[in-house]
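What's counted below: heavy atoms across the whole structure, side chains too, no hydrogens, waters or symmetry copies.
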Protein chains: 2
Amino acid sequence: MSRWEPDARGRLEKAALELYNHQGFDATTVAEIATRAGVTERTFYRHFADKREVLFPADNPLPDILAGATAAAPLPLAPLEVITRALVEAAPVFEEREDLAPQRQAVIAANPELQERELAKLAALASTLAHTLRQRGLENTTAALAAEIGIAAFKVAYERWVNDPDRHPLAQHIRETLDTARHLIAPPDQATATDDVSRTGQESVA
Amino acid sequence: MSRWEPDARGRLEKAALELYNHQGFDATTVAEIATRAGVTERTFYRHFADKREVLFPADNPLPDILAGATAAAPLPLAPLEVITRALVEAAPVFEEREDLAPQRQAVIAANPELQERELAKLAALASTLAHTLRQRGLENTTAALAAEIGIAAFKVAYERWVNDPDRHPLAQHIRETLDTARHLIAPPDQATATDDVSRTGQESVA
DNA sequence: TACCCTGATGTCACGAACTGACATCAGGGT
DNA sequence: ACCCTGATGTCAGTTCGTGACATCAGGGTA
């Protein structure tokens, strides 16, 4: 048998989430996490760059999914439509592990340092999205803007989903939010009218 | 005369910017900054929450300007138009102090920790913007989305402005970028019509 | 079988980021 | 003459994060 229990990384993630949840991020020391996971503090830092990073899985498939879906979308599609499809395709990633996600989300919501890190991850996502859009032939500014808008919409959609008492699928919130975007360029009194217009056949995602 | 040289805070800001610029953020210790400013390390932490915060002025007028301009805009305007005006009105804040801004920007661009902090500041801005839009009567999701998209557009516009060899005014980049955003958001068949409606004057997207 | 190599971990030492508690003392008000 | 306040100094301590080196099971190879 091997010298140590296997999956030290997994144990560290679990221990960290439990402690952060139970006593707060600030009140938890890396030494505590390590002890609970049965390793030393030094080993924690061999697996995670810092105390925050343990909440942001390194094997995150999101960039690849978004890039793949974006690159694969039919060329004549409008940029925002491409992004909508990519985000919808990525939605399941958030819906699996539905047991741990709320804990994780609560911890992050309770701590500004962790929110900063989350914003950084989202910005990185926007960056890869912009890169992929450029490869589709979009001009620089357009690509960057479309990517940023897409991520912005995702942030809002995710927020809605987390707080949705009816537990509608994330994909639905994404589509609705991106539909809402269309209201933004119309004066407020036309909002309801625009609502009808925008509801024309957006369900064609394969 | 007073017991110490006045404006310790200002001296700390200056010393920090110089050192960050000259030897990098990581390679600079708070002790160094304090010594150069003629105070102790402890005093640094009385003025700034942490080593990063010294680059993000506490007297930042941006939130107030944005909130004020947003609240004051005519009610029938489309949300994105309201935001465009607010951002344009805030633009001068970035264009004054044009001597220090590039240094500051270079330091931030060179360090991920500082970029995280900048993203957090922008997110806070989006949050106040959303709050003000809600007070104008906008529904929750619409307000949040408009604010996020506005900040997203601002990020892109600011990036363009910083790298603009022709040094066009920031306000122009903001208008152009938000015009691009309208094209992205509007369904293709409505794009030209929306273009006429949203046109506020001289600008034209090439 | 005997040997070496590798990779994951432990051990130790240390600098640098922050924080709490208490001391100091000019200037202003009473 | 007195006290109060606010900005700073002093000091001790915790925690984060890193470099350098030691350990040793398991796998490959002669």
A.B. asks: Quick check: closest heavy atoms across B:Ala171 and B:Ala91, and the distance to 0.1 Å?
C.D. replies: N-CB, 4.1 Å

A.B. asks: Look at all strands and tell whether A:Thr40 reaches a base, only sugar-phosphate, or nothing, counting heavy atoms closer than 4.0 Å.
C.D. replies: base

A.B. asks: When you measure from the side-chain N and O atoms of A:Tyr45 to the phosphate of D:dT18, is any distance below 4.0 Å, counting only OP1 and OP2?
C.D. replies: no

A.B. asks: Taking only the side-chain heavy atoms of A:Glu41 (C-beta and beyond), determine which of C:dC18, D:dT8, D:dC16 contains the nearest atom.
C.D. replies: D:dC16

A.B. asks: For D:dG6, does the base pair up with any side-chain atom of B:Arg46 as donor and acceptor (N or O, under 3.5 Å, distance only)?
C.D. replies: no

A.B. asks: Considering non-hydrogen atoms only, spot the tightest contact between A:Ala130 and A:Ala143 and give its length.
C.D. replies: O-CB, 3.7 Å

A.B. asks: Under 4.0 Å between a side-chain N or O of A:His47 and OP1 or OP2 of C:dT9?
C.D. replies: yes

A.B. asks: As a test of understanding, state which of A:Val82, A:Leu138, A:Thr70 forms a side-chain contact (heavy atoms from CB on, under 4.5 Å) with A:Thr132.
C.D. replies: A:Thr70

A.B. asks: Given a 3.5 Å cut-off on both pairing distances, which stems involving DNA chain C, each at least three consecutive Watson-Crick or G-U pairs, are present, if any?
C.D. replies: C:1-30 with D:1-30

A.B. asks: Just how far, in rounded Å, is C1' of D:dC16 from CD of A:Glu32?
C.D. replies: 14 Å

A.B. asks: Among A:Arg160, A:Glu159, A:His173, exactly one meets side-chain hydrogen bond (donor to acceptor under 3.5 Å, both in side chains) together with B:Thr141. Which residue is that?
C.D. replies: A:Arg160

A.B. asks: Quick one: which of A:Glu18, A:Arg36, A:Gln23 gives a side-chain hydrogen bond (donor to acceptor under 3.5 Å, both in side chains) with A:Thr28?
C.D. replies: A:Gln23

A.B. asks: Provide, to the nearest angstrom, the distance between the CG atom belonging to A:Asp26 and the C1' atom belonging to D:dC16.
C.D. replies: 13 Å

A.B. asks: Measure distances between side-chain N and O atoms of B:Arg3 and base N and O atoms of D:dT8, and say whether any donor-acceptor pair falls under 3.5 Å.
C.D. replies: no

A.B. asks: Nearest-Å distance, CD (A:Glu113) to C1' (D:dC16)?
C.D. replies: 11 Å

A.B. asks: Minimum heavy-atom separation for B:Ala86 and B:Leu66, please, with both atom names.
C.D. replies: O-CD2, 3.5 Å

A.B. asks: When you measure from the side chain of A:Gln115 to the backbone N and O of A:Ile108, does any donor-acceptor pair fall under 3.5 Å?
C.D. replies: yes

A.B. asks: Are any of A:Thr43's side-chain N or O atoms less than 4.0 Å away from OP1 or OP2 of C:dG10?
C.D. replies: yes

A.B. asks: Take B:Arg42 and A:Phe48, find for each the nucleotide of DNA chain D with the closest heavy atom, and name the residue whose nucleotide sits nearer the 5' end.
C.D. replies: B:Arg42

A.B. asks: Expressed as a whole number of angstroms, how long is the span from B:Asp50:CG to C:dT19:P?
C.D. replies: 8 Å

A.B. asks: Nearest whole angstrom, please: distance from the P of D:dA7 to the CG of B:Leu12.
C.D. replies: 14 Å

A.B. asks: Just how far, in rounded Å, is P of D:dT8 from CH2 of B:Trp4?
C.D. replies: 7 Å

A.B. asks: What is the distance, to the nearest angstrom, from the CZ atom on A:Arg52 to the C1' atom on C:dA17?
C.D. replies: 12 Å

A.B. asks: Roughly how many Å is it from NZ in B:Lys51 to P in D:dG17, rounded to a whole number?
C.D. replies: 13 Å

